[in-house]
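The structure under discussion appears below in the form of structure tokens.
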Amino acid sequence: MLKNIVLAFDGSEYSNRALKYAKTFAERFEATLWLVHIFTHTSDLLGYEDYEKFYSKRKAGGQTLLDQALQELSRTRLDVREKLQEGPEAESILNIAKNCQADLIVMGTRGHGTLKGLLVGSVSRKVIHHSSCPVMVVH
């Protein structure tokens with residue numbers, strides 16, 4: 001039985017497809033759906049005059065994506081919890097999954113990364129290899 005499902009969402013075509021699968025599984029098992037977006041680590045900009053502006057822009061962009069996904073999920077009675085976090089994507093997804101005791105991670109094959117031509121993106125691949133729970137990768 002699934003109690004906690006983590007959906008890694010970046011607004012890409014594949015993560016929108018993954019959202020539909022995660023929603024279906026969460027409804028079927030009456031599981032809590034953890035909607036997760038990881039935005040690019042900004043520590044490399046630390047010390048620059050516009051650091052706070054860059055950080056705020058990335059965080060706001062991530063929240064906009066979560067809000068879009070939440071709107072898609074609003075027509076359900078699911079228990080949806082959102083998590084917006086800065087950091088390295090795969091490691092952050094894995095930490096969130098561990099902390100919420102995820103039974104399943106759902107994500108797209110590729111996101112908005114720079115290597116869009118790969119069948120399975122680097123984030124998906126890392127999550128698959130290091131996850132302690134099953135991972136559903138949606139193409």
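Between L33 atom CG and L2 atom CG the span is 11.0 Å, to the nearest 0.5 Å. The structure places CZ of F9 at 8.5 Å from CG of L73, a figure rounded to the nearest 0.5 Å. For the atom pair M107 CE and I93 CD1, the distance stands at 4.0 Å (nearest 0.5 Å). Between the SG atom of C100 and the CZ atom of R81 there is a distance of 9.0 Å, given to the nearest 0.5 Å. Note that the CD1 atom of I105 and the CG atom of L94 stand 5.5 Å from one another [nearest 0.5 Å]. In this structure, CD in E86 is found 9.0 Å from OG in S92, a value given to the nearest 0.5 Å.
In this structure N4 satisfies the side chain to side chain donor-acceptor pair (under 3.5 Å) test together with W34, sequence neighbours excluded. Scanning for salt bridge (Lys or Arg N to Asp or Glu O under 4.0 Å) contacts around E30 gives an empty result, with sequence neighbours left out. R28 pairs by the side chain to side chain donor-acceptor pair (under 3.5 Å) definition with nothing, not counting sequence neighbours. The side chain to side chain donor-acceptor pair (under 3.5 Å) test applied to D67 returns Q63, not counting sequence neighbours. Remark: N99 engages no residue in a side-chain contact (heavy atoms from CB on, under 4.5 Å) (not counting sequence neighbours).
No side-chain heavy atom of Q85 sits less than 4.5 Å from a side-chain heavy atom of F39. Residues I128 and V137 are in side-chain contact: their nearest non-hydrogen atoms beyond the backbone lie under 4.5 Å apart. Taking the side chain as every heavy atom from C-beta outward, L19 and E72 approach each other to under 4.5 Å. Counting only heavy atoms from C-beta outward, the side chains of Y14 and V138 never approach each other to under 4.5 Å. Residues V36 and L7 have side chains not in contact (no heavy-atom distance under 4.5 Å, counting atoms from C-beta outward).
The shortest non-hydrogen separation linking A31 to I5 is CB-CD1, 4.0 Å. Closest non-hydrogen pair, D103 versus K3, comes out as OD2-N, 2.7 Å.
Under a cut-off of 6.0 angstrom, the local environment of CZ in F29 is crowded, with over 12 non-hydrogen atoms contributed by other residues, nucleotides or ligands. Surrounding CD of E27 are more than 12 heavy atoms belonging to other residues, nucleotides or ligands, all under 6.0 Å away.
No donor-acceptor pair under 3.5 Å is formed between the side chain of S15 and the backbone N or O of A18. A donor-acceptor pair under 3.5 Å links the side-chain atoms of R17 to the main chain of H139, judged by distance alone. Checking side-chain atoms of S124 against main-chain N and O of G108 turns up a donor-acceptor pair under 3.5 Å.
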* Asked: Run the side chain to side chain contact (heavy atoms under 4.5 Å, CB included) check on I96 and I38 step by step: do they pass?
  -> CA-CA 10 Å; I96 291 168; I38 310 301; 3.9 Å; yes
* Could you go through the side chain to side chain contact (heavy atoms under 4.5 Å, CB included) check for K59 and L84 one step at a time? => CA-CA 8 Å; K59 186 174 181 180; L84 176 62; 3.8 Å; yes
* Give the C-alpha distance, both sets of side-chain angles, the deciding distance and a yes or no for side chain to side chain contact (heavy atoms under 4.5 Å, CB included) between L104 and V6. => CA-CA 6 Å; L104 176 66; V6 169; over 6 Å; no
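Applying the side-chain hydrogen bond (donor to acceptor under 3.5 Å, both in side chains) definition to pairs two or more places apart or across chains, none involves residues 128-138.
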